[in-house]
Amino acid sequence: MSKHLSRRTVLKGVGCAMGLPLLEAMLPQRLFAAEAAPPVRLAFISFPNGAIMDAWRPDGEGAAFEFGPTMQPLADLRSHVTVLTGLAQENGFAKGDGAGDHARSSASLLTGAHPVKTSGANIRVGQSVDQAAAERIGHLTKLPSLEIGTERGRDAGSCDSGYSCAYSNSISWKDATTPMAKEIKPRLVFDRLFGNSAGGSGPSRRNRVRQSVLDLVSEQAADLKNRLGRSDQKKIDQYFSSVREIEQRIIRAGQQRQEIAVPEFETPEDVPVDVQEHIQLMYDLMALAFQTDATRIITFVSANEGSNRPYRMVGVNNGHHELSHHRSDPEKVEQLKKIDLFLVGEFARFLSKLKETPEGNGNLLDNCMIMYGSGLSDGNRHKHDDLPIILAGRGGGTIKSGRHLVIREGAPLNNLFLSMLDRSGAGVASLGDSTGRLKVLDS
Amino acid sequence: MTAIRRTRQLVFDKFDRHFCFVRARILPSLALLLVCTVAASFAAPPAEKKPDPEVVYRSQIIPFLKKHCLECHGSDAQEGDIRFDQFADAAAVASDEKTWQRTIQMLRSGAMPPEDAEQPSEPVRRSVLNWIEHTIYKFDCDTVTPPGHVTIRRLNRAEYNNTIRDLFGLTLRPADDFPSDDVGGGFDNIGDVLSLPPLLMEKYLAAAEQIAEHAIVTDPSQFVRSQFKFRDNLIGEGTARYDYSQNSRRWTIHAEGGVGGDFDFRRDGRYSLRIIAAGQHAGDEPPQMELRLDGQKIKVFDVNASQMRGRYEIKWNVPAGVHHVSGHFLNDFEDPTAEDPRRRDRNLVIDSIEVDGPLDPRPEEYPDLHRKLIRFRPAGGRLALDAAKANLEPFIYRAFRRPPTAAEMSSYAALVDNAVKQGDSFEQAMQIAVTAVLVSPHFLFRVEGGDKSASPGLVRPVGDFELASRLSYFLWSSTPDEELLALAAKNKLHEDGVVQTQIRRMLADAKTQALVDNFVTQWLNLRLLDGVAPDPQVFPQFDAELKAAMRRETELFAAAIIREDRSVLDFLSGRFSYVNERLAQHYGIDGIQGSDFQRVSFADNRHTGVLTQASILTLTSNPARTSPVKRGKWMLENILGSPPPDPPPDAPDLDAVQKAKPNATLRQQLTIHRENPVCASCHKVMDQLGFGLENFDAIGRWRDKDGTFPINASGELPGGAKFNGPLALAKVLDKRRSEFVRCLAEKMLTFAIGRELAVQDRCTVDKIVEQVEDKEFRFSALVNAIVTSDPFRKTSEDEQP
């Protein structure tokens with residue numbers, strides 16, 4: 001731990017409004033020596049039920065644009081933000097599958113794939129962009145990727161018109177059939193990032209023991225897989241690949257130059273009752289994760305798609321989803337704008353934190369690419385095109401931010417993903433319904 | 001013959017399930033008579049001729065379509081892009097599943113035909129529905145239907161916690177921190193839906209390590225008994241004074257004397273005797289303290305500590321019995337002339353006396369759980385390998401819910417042996433093995449079959465061990481106990497009488513609370529109450545305590561139906577419930593005090609079954625007002641089993657109406673809403689059902705007025721059933737009890753087998769409903785019927801990859 005500050009220092013009770021510490025000693029110490037330039041971080045943040053687009057969409061284009069009213073909190077961060085207009089997630093549309101737009105919105109948002117309509121058997125959509133990245137660059141950090149949210153999955157009844165809850169609960173999919181469960185307790189997110197120090201036995205014995213345990217059960221799984229039929233095999237495959245990921249983490253831990261310093265950060269024992277506090281804690285943890293380089297890939301579901309929670313802190317006592325079917329009722333539209341504004345405000349607070357954190361020759365935000373958006377534009381009519389999408393950060397200096405880019409002819413959101421993956425060293429030929437790179441981002 | 005006929009009538013023709021039921025109950029003697037007659041002529045049971053679907057299409061379906069449908073869905077108009085005039089024959093119907101599925105949904109929920117059109121009679125409606133279902137799904141209950149294959153089920157969170165509880169007797173609930181299990185088909189125990197992402201595997205591993213650490217003691221000092229005496233539990237002699245006037249409370253010995261106490265030494269053994277002491281220093285030596293046992297000198301300590309207390313300790317062999325342990329001051333000293341006023345008087349200060357031990361715990365003094373898992377140690381020529389095998393065999397048997405194979409035993413024993421060779425203690429090595437059992441796919445999944453030579457689709461009865469798990473996870477959400485496994489080992493569990501006895505035993509066990517916690521709370525959507533947030537401006541009295549009480553009421557109510565083996569119809573019409581003071585006040589019931597729940601009976605015109613419980617009423621309301629629509633929808637989905645179709649995406653909503661006519665009552669607004677034909681079809685059923693509960697506000701309190709409007713709690717359903725108020729509504733639902741029992745049976749079968757029901761399961765559900773009706777709707781009859789059904793008792797081999 002030598003040069004790092006000890007575990008019990010600096011960061012205190014970030015719960016409310018404290019910035020991250022700016023001390024150099026807390027800055028990421030690369031786990032692996034080889035890398036010189038700061039790495040590029042990826043985050044994907046979703047919000048549910050669309051936005052009031054009239055209040056969202058900026059005026060003007062290119063560098064000369066004005067934020068819409070609900071995007072105002074980003075004003076100070078203007079030079080670090082790219083607003084994108086005209087992107088679509090076509091696979092959110094019904095395509096003959098009838099109702100269930102919220103499930104489709106969540107399932108297609110990061111996959112660009114059309115989910116199979118089923119409430120049980122044969123759940124299938126596609127790999128999501130964060131997992132495509134994790135597959136390629138996840139091995140460089142302690143956690144290949146982090147999936148977090150603020151709402152548990154609905155645990156009874158049906159989630160959305162004949163779609164399994166797996167679709168509405170997850171935006172991150174390891175492969176077409178494995179949703180990545182998300183963590184909603186801040187304390188457990190912290191433990192994952194900064195590792196429960198196993199009481200008693202040192203890390204090397206612990207890793208040796210774990211390895212021997214996983215060896216044994218992998219053999220059992222291999223044997224089982226040989227004997228079982230098709231639908232059962234899928235489940236054993238998930239088991240296998242999850243075991244393998246932990247094994248790889250153990251191997252990496254053995255190669256690590258040093259352990260990540262454990263920042264002092266107070267997390268409540270349970271999920272905070274106050275929604276705003278909860279969202280802020282999650283954002284703070286994201287900032288910590290990026291700052292310490294514990295992971296470079298995060299998905300954050302700020303509320304589950306179709307979420308019906310009220311936002312009382314800004315005077316909205318009705319449920320978000322029910323309001324979103326506003327039918328142009330001005331009162332409801334006003335309430336929805338308050339929610340949009342609130343959520344952007346929290347996002348802006350997070351970005352400021354990153355911006356205030358020096359890294360390399362600039363700041364942490366320079367080295368991030370953070371998509372903030374929804375799989376619905378008009379929540380009232382369930383439209384999945386012309387989506388509200390913001391890209392924050394400069395991708396390690398590869399993005400000319402401070403612009404409003406309008407894609408008049410429309411393009412799949414997945415084209416943006418391809419461009420983001422290229423810039424993070426995780427390029428792929430195609431993903432979901434992508435038709436190419438988003439050229440306008442290169443200009 | 002009668003039996004056959006009746007079955008067929010129920011499952012195939014199904015003109016009127018309710019009608020059949022009544023006949024079966026009213027005319028038992030006639031039925032008996034018929035059985036006798038038929039028995040006499042048994043030789044040639046004439047196979048009842050099934051009507052040719054093509055003939056029925058021409059003779060019944062086409063006339064029905066002409067009369068009720070074609071006006072809006074024919075050549076002139078195609079409302080909703082549906083038209084029925086282009087299906088030449090039954091084969092054409094069968095080839096367009098999508099259209100006809102939707103037709104079934106609309107017909108079944110009563111959404112079509114529209115309210116203002118002529119309604120078909122119930123028997124006709126059912127007969128048409130039945131024909132469509134059989135035509136598009138092509139199933140036939142007279143032939144053997146395959147039981148289906150259940151994808152291997154991962155333990156969900158509740159099952160994991162309960163399994164750990166029953167395997168180890170530990171109340172840790174590690175799964176509380178696991179990610180939520182996704183829901184499919186309304187339940188979170190569906191094999192196809194439960195996935196295993198890396199996050200969960202990580203948690204499984206950490207939980208397994210934690211459990212192994214709790215179960216096996218590697219350091220005996222963890223549980224060595226400690227005794228501790230201080231303050232007035234100690235006895236002073238000589239100049240010893242207990243001083244509590246200052247901040248620190250302590251004994252001070254000024255000159256000769258000591259402080260001691262009696263301790264219980266459970267048996268002969270080695271003990272740690274300890275005195276927590278300090279000194280006031282004077283002169284050129286520290287205070288000396290003699291530790292004595294029953295007045296005999298054991299050791300003299302120099303007490304160098306002053307401000308901070310020091311620990312003065314010796315390990316000593318002590319015989320069993322009560323003994324006096326004391327500390328005595330040996331070297332009093334005074335020098336009133338000393339320069340430093342604090343160094344003029346030497347005293348001894350004693351805080352407390354402690355005894356730990358015996359320090360060498362004998363095997364029988366280890367915790368029970370440890371002794372169960374470590375019955376053998378490598379000693380006297382017994383190898384670690386063999387000790388491990390002997391210890392692990394019974395444990396793995398329980399954990400895998402079946403006997404372990406020889407290969408499994410060898411690999412686990414080798415794991416222990418290797419760890420010992422690497423320098424771990426035997427106990428540490430056993431912890432590793434326990435961890436490896438708890439992350440094994442054979443523990444985490446309920447594996448069935450796995451016989452590669454079996455041909456796909458082959459139907460076989462589930463094995464006895466598989467049956468033990470199926471029963472146990474159905475009724476207890478937990479691992480089978482010793483008795484179930486013992487019966488399985490004897491290959492007896494599947495025998496009819498044995499299964500019945502076991503079901504009775506299991507239902508009587510407190511572990512059936514799991515049926516309430518996992519089945520009932522999901523079936524009734526009770527779990528969603530957690531996320532409900534009434535508007536605090538409208539309902540300032542609503543808080544977490546009230547919400548918890550609401551949930552508890554419904555849980556206790558359901559538990560009573562299970563425990564007392566009551567009729568499942570009580571879910572709708574039971575005139576009793578459970579309330580505590582808070583909830584009683586909420587309902588306006590007098591005379592209930594305290595936070596404990598008490599059973600109450602109702603003779604009023606308000607309360608009936610779960611329909612009028614505040615939990616259900618609240619979770620089907622909007623934040624600030626009731627929603628007859630949501631309440632009606634809830635009843636259609638969870639009571640009547642005919643969920644309404646999804647609303648069209650451009651359906652106008654109620655608030656538009658409210659804006660236009662702000663002075664209208666909620667009912668008037670809904671009426672205006674229904675004038676729109678797009679909305680009318682479904683809402684005429686949903687709203688009407690919901691109106692019956694309008695006397696309850698959005699948090700379930702009784703009211704006679706909504707604002708200034710008197711409550712109108714009347715409704716009328718398609719087909720003419722009228723009602724006014726909750727009790728009359730319950731009566732209407734009771735008349736449709738077959739639909740309710742079918743709905744409940746479908747839900748419970750889904751939960752029991754862990755897969756969504758498929759079309760061919762219709763036949764199974766028909767049989768279950770019939771059996772429940774025959775047994776006065778008892779809860780146990782429902783469980784028995786499910787357990788004896790093919791999908792529960794048999795399995796089809798999975799497809800080959």
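So you know, we letter chains A, B, ... as the sequences are listed, proteins then strands, and number each from 1.
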Q) Do any of residues 408-416 of chain B have a heavy atom less than 4.5 Å from a heavy atom of chain A, and if so, which, in residue order? A) B:Ser411, B:Tyr412, B:Leu415
Q.
I'd like to verify something: which residue of A:Gly319, A:Gly153, A:Ala99, A:Gly157 has the highest number of heavy-atom pairs under 4.5 Å with chain B?
A. A:Gly157
Q | Max heavy-atom pair count under 4.5 Å with chain B, selected residue of A:Leu143, A:Leu224, A:Asn318, A:Val243 | A | A:Leu224
Q. Which of parallel (below 30°), tilted (30 to 60°) and perpendicular (above 60°) describes B:Phe519 and B:Phe187?
A. parallel
Q) Does A:Arg187 come within less than 4.0 Å of B:Asp177, counting only side-chain N to carboxylate O? A) yes
Q. Between A:Arg309 and chain B, which part of the residue has a heavy atom less than 4.5 Å away: side chain, backbone, both or neither?
A. neither
**Q.** Region of B:Leu526 that comes under 4.5 Å of a non-hydrogen atom in chain A
**A.** neither
Q. Counting only heavy atoms not in B:Arg102, do more than 12 sit closer than 6.0 Å to its CZ atom?
A. no
**Q.** Region of A:Asn317 that comes under 4.5 Å of a non-hydrogen atom in chain B
**A.** both
Q.
Among A:Ala181, A:Ser164, A:Ala156, which residue has the highest count of heavy-atom pairs closer than 4.5 Å to chain B?
A. A:Ala156
Q | Aromatic ring pairing A:His325/A:His321, orientation class (parallel under 30°, perpendicular over 60°, tilted between) | A | perpendicular
Q. Hey, which of B:Leu524, B:Asp424, B:Asp219, B:Val437 has the most heavy atom pairs under 4.5 Å with chain A?
A. B:Asp424
Q: Sort B:Asn156 into side chain, backbone, both or neither according to what part of it lies under 4.5 angstrom from a heavy atom of chain A.
A: neither
Q: Against chain B, label A:Lys235 side chain, backbone, both or neither, depending on which of its atoms sit under 4.5 Å from a heavy atom there.
A: both
Q: Report the option among B:Arg755, B:Gln428, B:Lys747, B:Gln537 that has the most heavy-atom pairs separated by less than 4.5 Å from atoms of chain A.
A: B:Gln428
Q) Is chain B contacted by the side chain of A:Thr118, its backbone, both, or neither, given a heavy-atom distance below 4.5 Å? A) side chain
